[in-house]
Amino acid sequence: MLKSLWPWSKSKRNASYEPTEPWSLLTPLLTVSDGDQMTIGHAVEGTLILGATGSGKSSGSGRTLALSYLNAGFGGLVLCAKPDERQQWEEYCRQTGRLDDLVIFNPKEKWRFNPVDFERNRAGDGAGLTENLLNLIETMEHACNPDARKKSGGGDNEKFFNDAKKQLTRNAIEAVGWGTGHVTIPALYRFITSMPKTKAYLNSEEWRENSFCVECLAEGQKKPKTPEQEEEYNDLKDYFFEEWIEFPDKTQKSIVATFTTAADPLRRGLLRTLFGGETNIDPTATERGRIIVVDLPVLEYGDIGRFAQILWKYPFQKAIARRTIQNSPRPVFLWQDEAQLVLIENDYAFQSVCRSFRAATVMLSQNVNNFYAVLGGEEAGKAKAKSLFGNLKFKVFHSNGDSETNTFGAETIGRRPRFMVNANLNYQANDIFTSMAGGGPVNSSAGVSEQMQFEVEPSVFTALRTGGPQNKFLVDAIVFFDGMTFKATGRQWRPVTFRQK
């Protein structure tokens with residue numbers, strides 16, 4: 001009989017699990033069966049949920065986990081792939097009394113977030129460092145132009161232009177920061193496209209009067225500086241007024257084009273409106289219990305929706321990974337349905353430290369091939385995906401018809417030795433009549449062999465219930481937790497049934 005997985009209730013709390021501090025890692029979230037509990041410590045080790053379309057992964061295990069996190073007071077960031085996810089999370093928050101904490105981030109609401117300016121002006125010793133801003137901008141550019149990352153690994157010529165673009169962006173960040181006090185993609189674009197192209201520009205009164213580059217450098221010159229900053233500022237001016245103008249016109253255009261092409265989606269339309277101005281909500285709000293739903297679903301907004309999800313995801317990961325748990329102990333979650341649509345390079349590094357910073361990553365997808373394809377194909381993609389999967393310790397396998405995913409599930413759960421009895425009966429041709437007369441075989445043998453076989457065969461995943469009225473709204477899954485032994489099975493896995501209602 002499969003046990004149901006229910007949100008944890010105080011009435012069932014075991015005294016040995018009483019937390020000694022708010023949001024202790026020992027705080028129970030869910031009871032799986034008698035004696036088996038999922039705690040905050042388990043949640044922040046990461047969750048991977050796999051199941052075919054219609055398998056009940058979102059409405060079954062996904063819903064159960066989401067409600068448990070909200071009931072426990074987690075803050076969180078919800079990345080949306082499907083148009084109905086906002087309404088889904090509104091309902092979750094209504095059921096758990098968290099509507100006041102809900103933030104819907106979309107063009108119709110008041111909320112705005114400038115990730116570059118947030119990084120520059122945030123608290124902390126590393127705030128405003130040019131190299132950090134450069135990494136953030138490159139992540140944003142690669143999100144908007146996935147091919148840019150592939151090209152950056154090309155030949156010597158490609159490497160030259162990529163390095164030159166980094167140098168240009170790095171200096172432009174410094175100049176715009178000194179000149180305006182704020183760094184935005186539109187401002188960087190405006191600065192870079194107004195730089196001098198030749199020595200003749202330096203003597204042009206019209207150019208000096210209309211160039212945003214000159215305006216920023218002139219304003220920056222007026223700001224008080226330490227002797228070290230003064231030296232660095234002189235180097236900055238030398239780059240634009242001496243080093244840059246020495247590049248041939250064709251080279252300049254190519255370098256500028258590598259920046260403007262990548263930055264173009266971020267300086268116009270919806271992305272500029274939502275991410276290019278003032279900030280009134282940022283990832284640190286999740287540490288205070290806010291649930292931020294990025295309501296620009298990828299399946300509705302296409303590439304713009306995907307860019308928006310990643311423009312929230314990366315700064316969230318960086319912000320959470322630098323918080324101090326003693327001062328900010330509230331657990332947070334990062335929710336990613338159709339997770340393959342919003343994968344970024346930082347996922348590997350972030351997931352490896354999630355437990356330390358009490359961040360519960362949840363990734364949902366149909367099958368492992370979705371990850372392999374996005375991360376680079378058969379060989380490279382599979383290696384990267386398995387690296388990521390290895391750091392998601394709680395795995396939930398729903399009904400699936402994909403053989404590779406089912407094999408992955410079976411391999412994850414593992415093999416165990418089983419003893420197989422075998423027997424041989426051999427008759428010699430000239431003794432067949434003797435055998436028929438009941439005289440028995442001439443030669444016989446029997447033996448026992450040990451074989452390693454899957455504990456859960458891949459075919460088992462194809463027969464799990466998928467919810468809906470035909471299954472009385474019950475959804476089956478096989479759950480696996482690396483490092484936890486379920487008392488009900490004595491193993492790291494067990495079958496579980498979730499209720500959709």
- One should read off an interatomic distance between F480 CZ and D482 CG, to the nearest 0.5 angstrom, of 5.0 Å
- Query: What closest approach, in Å, do P315 and L136 show between heavy atoms, and which atom pair accounts for it?
  - Reply: CG-CD1, 4.2 Å
- Task: Check for a donor-acceptor pair, side chain of K318 on one end and backbone N or O of E119 on the other, with a separation under 3.5 Å.
- Result: no
- Query: Got a donor-acceptor contact below 3.5 angstrom from the R98 side chain to the F74 backbone?
  - Reply: yes
- Message: Salt bridge or not between E404 and K382? Use side-chain N to carboxylate O under 4.0 Å.
- Response: yes
- Task: Find out whether L188 and I137 are in side-chain contact, i.e. whether some heavy atom of one side chain is under 4.5 Å from a heavy atom of the other.
- Result: yes
- Task: Answer yes when E45 and R355 have at least one side-chain N-carboxylate O distance shorter than 4.0 Å, and no when they do not.
- Result: yes
- Query: Does the side chain of T497 come under 3.5 Å of the side chain of D476 through a donor N or O and an acceptor N or O?
  - Reply: yes
- Query: Do you know the tightest heavy-atom contact between P107 and L270?
  - Reply: CG-CD1, 3.3 Å
- K57 and Q366, any side-chain heavy atoms less than 4.5 Å apart: yes
- Note on the structure: Sorted by chain and residue number, the side-chain contact (heavy atoms from CB on, under 4.5 Å) partners of R190 (sequence neighbours excluded) come out as F212, E215
- Task: List the atom of R330, the atom of E287, and the distance in Å for their closest heavy-atom pair.
- Result: NE-O, 3.3 Å
- Could you tell me the separation between the CH2 atom of W23 and the CZ atom of R358, rounded to the nearest 0.5 Å? 9.5 Å
- Message: I'd like to check the ring pair (Phe, Tyr, Trp, His ring centres under 6.0 Å) partners of F191; sequence neighbours left out, ordered by chain and number.
- Response: F240
- Message: Looking at E131 and R170, is any side-chain nitrogen of the basic one under 4.0 Å from a carboxylate oxygen of the acidic one?
- Response: yes
- Item | Main-chain N/O of T258 paired with T261 side-chain donor or acceptor, under 3.5 Å | no
- Sorted by chain and residue number, the ring pair (Phe, Tyr, Trp, His ring centres under 6.0 Å) partners of F316 (sequence neighbours excluded) come out as none
- Residues L70, F333; criterion side chain to side chain contact (heavy atoms under 4.5 Å, CB included); working and verdict: CA-CA 10 Å; L70 295 175; F333 62 82; 4.2 Å; yes
- Can you tell me if N400 and N367 form a side-chain donor-acceptor pair at under 3.5 Å? no
- Message: Just by distance, no angles: are the side chains of D337 and S58 close enough, under 3.5 Å, to form a donor-acceptor pair?
- Response: yes
- Tell me, please, which residues at least two apart from R112 pass salt bridge (Lys or Arg N to Asp or Glu O under 4.0 Å). none
- Check whether the side chains of Q336 and Q309 place a donor and an acceptor atom closer than 3.5 Å, and report yes or no. no
- Query: Is the shortest heavy-atom distance from the side chain of F350 to the side chain of D347 under 4.5 Å?
  - Reply: no
- Can we say K82 and E85 salt-bridge, meaning some charged N sits less than 4.0 Å from an Asp/Glu carboxylate O? no
- State whether a side-chain donor-acceptor pair under 3.5 Å links S59 with Q500. yes
- Task: Mark yes or no for whether T39, through its side chain, and L25, through its backbone, hold a donor-acceptor pair below 3.5 Å.
- Result: yes
- Message: Whether the side chain of D295 engages the backbone of N106 through a donor-acceptor N/O pair (distance < 3.5 Å, no angle test) should be reported.
- Response: no
- Query: Side-chain contact, heavy-atom cut-off 4.5 Å: L30 with Q37?
  - Reply: no
- Check whether any side-chain heavy atom of Y348 lies under 4.5 Å from a side-chain heavy atom of N391, and answer yes or no. no
- Query: Residues two or more places apart in sequence or in another chain: which of them pass ring pair (Phe, Tyr, Trp, His ring centres under 6.0 Å) with F481?
  - Reply: H42, F394
- Task: Using only heavy-atom distances, determine whether the side chains of H398 and T466 contain a donor-acceptor pair under 3.5 Å.
- Result: no
- Item | Distance (rounded to the nearest 0.5 Å) between L67 CG and Q95 CD | 5.5 Å
- Query: Residues two or more places apart in sequence or in another chain: which of them pass salt bridge (Lys or Arg N to Asp or Glu O under 4.0 Å) with K395?
  - Reply: none
- Exactly one of F275, W111, W89, F113 clears ring-ring contact (aromatic ring centres under 6.0 Å, His included) with F105, and that residue is F275
- Query: So, N171 versus Q167: side-chain donor-acceptor pair below 3.5 Å or not?
  - Reply: no
- Query: Any idea which heavy atoms bring I320 and A359 closest together, and the distance?
  - Reply: CG2-CB, 3.9 Å
- Message: Is any side-chain heavy atom of K384 closer than 4.5 Å to one of E345?
- Response: yes
- In short, T361 meets C354 closest at the heavy-atom pair OG1-SG, 3.6 Å
- Are N370 and S365 close enough that a side-chain donor and a side-chain acceptor fall under 3.5 Å? yes
- Message: Strictly distance-based, threshold 3.5 Å: is any side-chain N or O of T279 a donor or acceptor partner for the main-chain N or O of I281?
- Response: no
- Query: Given the rule in the salt bridge (charged side-chain N to carboxylate O under 4.0 Å, His left out) test, do E90 and R86 qualify, once you have shown the distances and angles that lead to the verdict?
  - Reply: CA-CA 6 Å; E90 285 176 337; R86 186 200 73 202; 3.6 Å; yes
- Task: Mind running salt bridge (charged side-chain N to carboxylate O under 4.0 Å, His left out) on R63 and E91 for me, showing each step along the way?
- Result: CA-CA 11 Å; R63 172 179 174 271; E91 181 57 29; over 6 Å; no
- Message: Is it true that Q340 and E338 share a donor-acceptor pair across their side chains at a distance under 3.5 Å?
- Response: yes
- Note on the structure: Output for pair (N406 CG, L464 CG), nearest 0.5 Å, gives 8.5 Å
- Message: For R323 and S328, which I'm curious about, is there any donor-acceptor pair between the side chains at under 3.5 Å?
- Response: yes
- Message: Any heavy-atom pair between the side chains of F397 and T412 that's under 4.5 Å?
- Response: yes
- Message: Could you check whether atom CD of Q87 has more than 12 heavy atoms from other residues, nucleotides or ligands sitting under 6.0 Å from it?
- Response: yes
- Query: How far does NZ of K165 sit from CG of L134, to the nearest 0.5 angstrom?
  - Reply: 7.5 Å
- Query: Between T184 (side chain) and A187 (backbone), is there a donor-acceptor pair under 3.5 Å?
  - Reply: yes
- Item | Any donor-acceptor N or O pair under 3.5 Å, side chains W493, E455 | yes
- Dump the intermediate steps for side chain to side chain contact (heavy atoms under 4.5 Å, CB included) on I291 and T286, then the final yes or no. CA-CA 6 Å; I291 299 103; T286 62; over 6 Å; no
- Task: Mark yes or no for whether T96, through its side chain, and N71, through its backbone, hold a donor-acceptor pair below 3.5 Å.
- Result: no
- Note on the structure: From the list V353, T139, L77, L334, side-chain contact (heavy atoms from CB on, under 4.5 Å) with Q317 holds only for L334
- What are the two closest non-hydrogen atoms of L29 and A43, and how far apart are they? CD1-CB, 3.6 Å
- Message: For F408 together with F389, are the ring centres under 6.0 Å from each other?
- Response: yes
- Quick one: pull up NZ in K313 and CG in L79 and give me the separation to the nearest 0.5 Å. 6.5 Å
- Heavy-atom side-chain proximity of L392 to M363 below 4.5 angstrom: yes
- Message: Has R120 got a side-chain atom pairing as donor or acceptor with G181's backbone, closer than 3.5 angstrom?
- Response: yes
